[in-house]
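Have a look at this one.
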Amino acid sequence: IKVFAAATITGSGVTGITVMIAEGFAAGDVLTGTADSMTYDNQFGILRIASSADWQATIQSIGFATTSNSKANRVISYSTDYSNQRTVFLPKLNAVVSSSAAMGTIYTDAYVTCNVGSGSLVPIPDRETQLAVQNLLAGKKFAWLGGVGTTTPEGMLWRWQTVVNSERFFVGTKSVGISPSFSLWAANQPAQDGYVMMTPSGPWLAVSIDSALSSMTLCARQPSVAQTGKATVGMAGCFPTSCGQHMTQAMCLGTGKCAW
């Protein structure tokens, strides 16, 4: 199925497009397209288009297919990149996440960098956001996130402090804790209060404000209509358990073992 058949790319200076399955991603999902240079990462559900002679024709060529039995709708988004700066559009946050190299940047520097232009450091409220941000790191860099932890009588309280999300996501210690929402701490973390940093492989560390591990700043900003787009793909068909031979709706519903 063509996902963005009516999309338009306006303006000049486009250096890339990132398309991702932002919600509902399942193993077996595939994004396709026609372009001079593109790469699909089936671990993250992200299609990276690095060059094209016609960007509008490229975005209109984007297709979705799957071999998964998941009946969840897929929300597929795209963002256009300028000046070779990688971005992803996250509809749940209504934010474009961009990356920039910042070797040795401490937390306050990263915070100020992102707050210019009414942005903020990135929160990670769910698995899809984690995968998108992890993909931007490319397995090579550490990056500040928008989480802050303080010591309270009930343990360490961790909360996202960003313009797009301010919920608390973890309470406790590295030994005993609860996650009211999504969290992905590395082993034996959080070992202190402070600030959240994503490791190159994905899991998070609790570090001090002046940690020098970071080599990338990830900012979340409000999207522009000209830069982004999204579409919802509804799943239809026979989703079998032990009845792979049923290909029509009548046959599927007639067994009691399938869902249409």
Side-chain angles (χ1 to χ4, degrees), residues 16-25 29 31 39-49 74-81 84-103 105 107 109-111 113-115 117 119-149 158-167 169-170 179 181-186 189-190 195-207 211 213-223 227-228 230:
I17 296 177
T18 301
V19 186
M20 71 171 294
I21 303 170
E23 298 175 31
F25 173 64
D29 289 356
L31 294 172
T39 305
Y40 180 66
D41 190 325
N42 60 10
Q43 179 183 358
F44 299 104
I46 295 177
L47 178 69
R48 170 67 181 160
I49 304 167
R74 313 298 202 271
V75 176
I76 301 173
S77 69
Y78 74 85
S79 61
T80 50
D81 306 337
N84 295 307
Q85 184 181 52
R86 286 283 309 276
T87 63
V88 291
F89 174 39
L90 302 174
K92 276 187 179 179
L93 297 181
N94 191 32
V96 171
V97 177
S98 61
S99 63
S100 61
M103 294 298 293
T105 299
Y107 178 84
D109 292 336
Y111 180 88
T113 295
C114 289
N115 275 261
S120 68
L121 288 165
V122 177
I124 308 290
D126 52 42
R127 172 178 171 268
E128 286 89 353
T129 306
Q130 170 72 28
L131 292 176
V133 173
Q134 193 173 326
N135 179 266
L136 283 177
L137 297 185
K140 300 176 182 178
K141 300 178 184 295
F142 290 82
W144 291 108
L145 300 179
V148 178
W158 292 87
R159 184 184 301 274
W160 299 118
Q161 292 193 344
T162 73
V163 295
V164 291
N165 192 309
S166 61
E167 69 179 355
F169 60 90
F170 186 81
S179 293
S181 62
F182 180 84
S183 66
L184 189 64
W185 293 108
Q189 293 288 324
Y195 302 84
V196 183
M197 184 177 290
M198 184 180 288
T199 64
S201 60
W204 311 343
L205 303 177
V207 298
S211 172
L213 285 173
S214 177
S215 57
M216 180 176 284
T217 297
L218 296 168
C219 301
R221 294 189 171 91
Q222 296 298 306
Q227 184 186 10
T228 61
K230 68 175 181 177

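Fair warning: this is a prediction, and the values are worked out from it, not measured in the lab.
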Is any side-chain heavy atom of Leu131 less than 4.5 Å from a side-chain heavy atom of Phe25?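 Counting from C-beta outward, Leu131 and Phe25 do come under 4.5 Å.
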
Hey, does Asn135 have a side-chain heavy atom less than 4.5 Å from the side chain of Val88?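 Counting from C-beta outward, Val88 and Asn135 never come under 4.5 Å.
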
Measuring only between side-chain heavy atoms, which start at C-beta, is Leu137 closer than 4.5 Å to Leu218?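 A side-chain contact under 4.5 Å exists here.
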
Arg48 with Asp41: basic N within carboxylate O range, under 4.0 Å: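 Salt bridge absent between Arg48 and Asp41.
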
Verify, without hydrogens or angle tests, whether Thr199 (side chain) and Pro203 (backbone) share a donor-acceptor contact under 3.5 angstrom.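 Checked: pair present.
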
Heavy-atom pair of closest approach, residues Asp29 and Gly24: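 What the structure gives for the nearest pair is OD2-O, 4.1 Å.
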
Answer yes or no: is there a donor N or O on one side and an acceptor on the other, between the side chain of Gln227 and the main chain of Thr80, under 3.5 Å?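 Yes: the side chain of Gln227 pairs with the backbone of Thr80.
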
Counting C-beta onward and ignoring hydrogens, is there a side-chain heavy-atom pair between Phe142 and Pro200 closer than 4.5 Å?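 In short, these two side chains touch, coming nearer than 4.5 Å.
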
Just how far is it from atom OG of Ser179 to atom CH2 of Trp185, taken to the nearest 0.5 Å?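 Output value for this atom pair is 9.0 Å.
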
Which heavy atom of Thr228 sits nearest a heavy atom of Ser79, and at what distance?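 Nearest heavy atoms, Thr228 then Ser79: CG2-CB, 4.2 Å.
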
Starting at CD of Gln189, measure out to OG of Ser183 and round the result to the nearest 0.5 Å.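 Gln189 CD to Ser183 OG: 12.0 Å, rounded to 0.5 Å.
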
Report yes if the side chains of Met197 and Leu213 come closer than 4.5 Å at any heavy-atom pair, otherwise no.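 Touching, per the 4.5 Å side-chain cut-off.
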
Does any non-hydrogen side-chain atom of Trp160 lie less than 4.5 Å from one of Val148?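 Side-chain contact under 4.5 Å: no.
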
For Asn42, what residues pass the side-chain contact (heavy atoms from CB on, under 4.5 Å) criterion, not counting sequence neighbours?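 Asn42 satisfies side-chain contact (heavy atoms from CB on, under 4.5 Å) with Tyr40 once adjacent residues are dropped.
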
Locate the shortest heavy-atom distance separating Val96 from Pro223; write the atom from each residue and the value.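 Shortest heavy-atom separation between Val96 and Pro223 comes out as CG2-CB, 3.6 Å.
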
So how far is it from Leu47 CG to Ile17 CD1, rounded to the nearest 0.5 Å?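 Rounded to the nearest 0.5 Å, the CG-CD1 separation comes out at 9.0 Å.
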
Can you give me the closest heavy-atom contact between Leu145 and Tyr107, atom names plus distance?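 Minimum heavy-atom contact is O-CE1, 4.0 Å.
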
Measure the CG-CG distance between Asn115 and Leu121 for me, rounded to the nearest 0.5 Å.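 CG of Leu121 is found 7.5 Å from CG of Asn115.
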
Tell me if the aromatic rings of Trp158 and Trp204 count as close, with their centers under 6.0 Å from one another.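 Centroid separation for Trp158 and Trp204: 6.0 Å or greater.
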
Between Lys230 and Pro91, what is the shortest heavy-atom contact and its length?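 Shortest heavy-atom contact: CD-CB, 3.9 Å.
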
Check step by step if side-chain contact (heavy atoms from CB on, under 4.5 Å) holds for Met20 and Ile76. CA-CA 6 Å; Met20 71 171 294; Ile76 301 173; over 6 Å; no

Please determine whether the number of non-hydrogen atoms from other residues, nucleotides or ligands lying under 6.0 Å from atom OH of Tyr111 exceeds 12.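 Atom OH in Tyr111 is not packed in, count stays at 12 or less.
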
Close side-chain approach of Phe89 and Asn94, heavy atoms under 4.5 Å: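 A side-chain contact under 4.5 Å exists here.
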
Against Leu93, only a single residue in Ile124, Asp126, Thr129 fulfils side chain to side chain contact (heavy atoms under 4.5 Å, CB included); can you say which?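 Filter result, single survivor: Thr129.
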
Whether Ser211 side chain and Val207 backbone form a donor-acceptor pair below 3.5 Å: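 Flag not set: sc Ser211 to bb Val207 has no pair under 3.5 Å.
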
Step by step, would you call Glu23 with Lys92 a side-chain contact (heavy atoms from CB on, under 4.5 Å)? CA-CA 8 Å; Glu23 298 175 31; Lys92 276 187 179 179; 3.2 Å; yes

Donor-acceptor contact below 3.5 Å, side chain Gln161 vs main chain Gly146: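 Judged by distance alone, no pair lies under 3.5 Å.
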
If you look at every heavy atom in Glu167 and Ser181, which pair is closest and at what distance?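 Heavy atoms only, the tightest pair is OE2-OG, 3.4 Å.
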
Rounded to the nearest 0.5 Å, what separation is found between the OG1 atom of Thr18 and the CG atom of Leu136?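 It is 7.5 Å, given to the nearest 0.5 Å.
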
Test your reading of the model: is there a side-chain donor-acceptor pair from Ser77 to the backbone of Leu90, 3.5 Å cut-off?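 No.
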
Flag side-chain contact, heavy atom, 4.5 Å: Phe182 against Gln130: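 SC-SC contact between Phe182 and Gln130 confirmed.
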
Verify, without hydrogens or angle tests, whether Asp81 (side chain) and Thr87 (backbone) share a donor-acceptor contact under 3.5 angstrom.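 Yes, the answer is positive, given that a donor and an acceptor are paired below the 3.5 Å cut-off.
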
